[in-house]
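Below: the structure, in structure tokens.
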Amino acid sequence: MAKPAHDWIGSSCHIHSSLWSLDGSQSLFPAEDGVGLSAVFAHYLAGLTVGLRDLTVFIAPNVNSYKRFASQSWAPTTMAVGRDNRTCGFRLVGHGHGLRVECRIPGADANPYLAFAAIIAAGLHGIENELAPPPVFEGNAYADQTLPRVPATLREAIDALDKSALARAA
């Protein structure tokens with residue numbers, strides 16, 4: 001269960017993703033200098049932050065799923081990207097070929113296959129459309145009301161899915 005009624009903290013299903021060359025010899029996420037983010041990774045992150053809101057129903061499938069998304073609960077409430085920042089929906093972790101993104105939005109009630117499919121669809125949408133990457137957020141994402149939010153209810157997530165061109169294309 002994503003959020004047992006008696007617990008302050010819910011149960012999550014963090015999903016890490018990265019993209020590799022066809023021969024599997026190198027990650028496509030770090031920049032060539034090994035320090036920053038590659039253009040592919042920047043577009044992938046943009047796709048996650050823009051597109052996963054439309055696909056939230058696949059990572060938070062039940063009414064109870066949305067009870068996790070509470071400020072200061074260690075479950076994300078925003079579609080922000082942060083470097084090792086647990087208040088953001090997406091956390092950049094690792095370095096070099098180990099660089100990846102952790103999607104912190106799914107709860108324990110998510111079907112991992114559908115959740116990963118939604119993450120891949122959103123990331124590929126960003127790459128295919130060369131979306132501009134979001135800034136890496138620093139600070140407490142719960143406190144910044146300007147950040148794009150995770151849908152607050154299952155109804156809101158269903159409405160976003162219903163109106164989504166990205167979902168139809170995927």
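We count residues from 1, following the sequence as given. Atom set for the values below is all heavy atoms of this structure, side chains included, hydrogens, waters and symmetry mates excluded.
Judged as a side chain to side chain donor-acceptor pair (under 3.5 Å), and not counting sequence neighbours, Ser27 has no contacts. Residues meeting the salt bridge (charged side-chain N to carboxylate O under 4.0 Å, His left out) test with Arg86, sequence neighbours left out: Asp84. When the ring pair (Phe, Tyr, Trp, His ring centres under 6.0 Å) test is applied to Tyr44, the partners found at least two apart in sequence or on another chain are Phe29. With sequence neighbours excluded, the residues satisfying salt bridge (charged side-chain N to carboxylate O under 4.0 Å, His left out) with Arg155 are Asp159. Take Thr87 and apply the side chain to side chain donor-acceptor pair (under 3.5 Å) test, not counting sequence neighbours, and it matches Asn85. Judged as a ring pair (Phe, Tyr, Trp, His ring centres under 6.0 Å), and not counting sequence neighbours, the contacts of His97 are Trp20.
Counting heavy atoms from C-beta outward, Val150 and Thr78 have side chains that stay 4.5 Å or more apart. Side-chain contact between Ser18 and Leu99: absent, with no pair of heavy atoms (C-beta onward) separated by less than 4.5 Å.
Counting all heavy atoms, side chain and backbone alike, Pro76 lies closest to Gly89 at CB-CA, 3.4 Å. Taking all atoms of both residues into account, the shortest heavy-atom contact from Gly107 to Cys13 is O-CB, 3.1 Å. Taking both residues in full, the closest heavy atoms of Phe116 and Ser17 are given as CE1-CB, 3.9 Å, listed atom of the first, atom of the second, then distance. A pairwise comparison of heavy atoms in Tyr142 and Ser71 identifies CB-OG, 3.4 Å as the closest pair. Scanning all heavy atoms of the two residues, the minimum distance from Phe41 to Leu92 falls at CZ-CD2, 3.6 Å. The nearest pair of heavy atoms linking Ile59 to Pro61 is C-CD, 3.7 Å.
Here Cys103 contributes atom SG and His14 contributes atom NE2; the two are 8.5 Å apart, rounded to the nearest 0.5 Å. In this structure, the separation between CG on Asn140 and CD on Gln72 is 5.0 Å, given to the nearest 0.5 Å. One distance of note links CG of Asn62 with NZ of Lys67; it measures 10.5 Å at 0.5 Å rounding. Between the CD1 atom of Ile119 and the CG atom of Leu55 there is a distance of 10.0 Å, given to the nearest 0.5 Å.
Under a hydrophobic clustering in which Ile, Leu, Val, Met, Phe, Trp and Tyr are joined whenever their side-chain heavy atoms come within less than 4.5 Å, directly or via other members, Val93 and Val81 fall into different clusters. A single hydrophobic cluster is not seen to contain both Val50 and Ile15; linkage of ILVMFWY side chains at heavy-atom distances under 4.5 Å, directly or through other members, places them apart.
Applying the under-4.5 Å side-chain rule to Ile, Leu, Val, Met, Phe, Trp and Tyr, the cluster around Phe137 extends to Leu147.
In this structure, His16 contributes its side chain and Val101 its backbone to no donor-acceptor pair below 3.5 Å. Of the possible polar contacts, none joining the Thr56 side chain to the Ala157 backbone as a donor-acceptor pair under 3.5 Å is found. Between the side chain of Ser38 and the main chain of Leu28, a donor-acceptor pair closer than 3.5 Å is present. Of the possible donor and acceptor atoms, none in the side chain of Ser164 sits under 3.5 Å from a partner among the backbone N and O of Leu161. Side-chain N or O atoms of Arg168 include none that pairs as donor or acceptor with a backbone N or O of Leu166 at under 3.5 Å.
Pairs of residues two or more places apart, or lying in two chains, that qualify as salt bridge (charged side-chain N to carboxylate O under 4.0 Å, His left out) and include a residue from residues 51-62 are Arg53-Glu156. Sequence neighbours left out, the pairs with a member in residues 110-127 that pass side chain to side chain donor-acceptor pair (under 3.5 Å) are His125-Asn129. Applying the salt bridge (charged side-chain N to carboxylate O under 4.0 Å, His left out) rule to pairs touching residues 27-43 yields nothing, sequence neighbours excluded. Screening residues 113-125 for salt bridge (charged side-chain N to carboxylate O under 4.0 Å, His left out), with sequence neighbours left out, gives no hits. Legend: salt bridge (charged side-chain N to carboxylate O under 4.0 Å, His left out) pairs involving residues 119-147, not counting sequence neighbours: none detected.
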Show your reasoning for whether side-chain contact (heavy atoms from CB on, under 4.5 Å) applies to Asn64 and Leu154. CA-CA 9 Å; Asn64 189 268; Leu154 180 59; over 6 Å; no
Phe90 and Arg104: side-chain contact (heavy atoms from CB on, under 4.5 Å), yes or no, with the steps? CA-CA 6 Å; Phe90 305 99; Arg104 300 177 48 78; over 6 Å; no
Would Ile105 and Phe69 count as a side-chain contact (heavy atoms from CB on, under 4.5 Å) if you check the C-alpha gap in whole Å, the side-chain angles of each, and the deciding distance to 0.1 Å? CA-CA 8 Å; Ile105 301 168; Phe69 305 135; 3.8 Å; yes
Could you walk me through whether Thr49 and Leu131 pass the side-chain contact (heavy atoms from CB on, under 4.5 Å) check? CA-CA 10 Å; Thr49 60; Leu131 299 180; over 6 Å; no
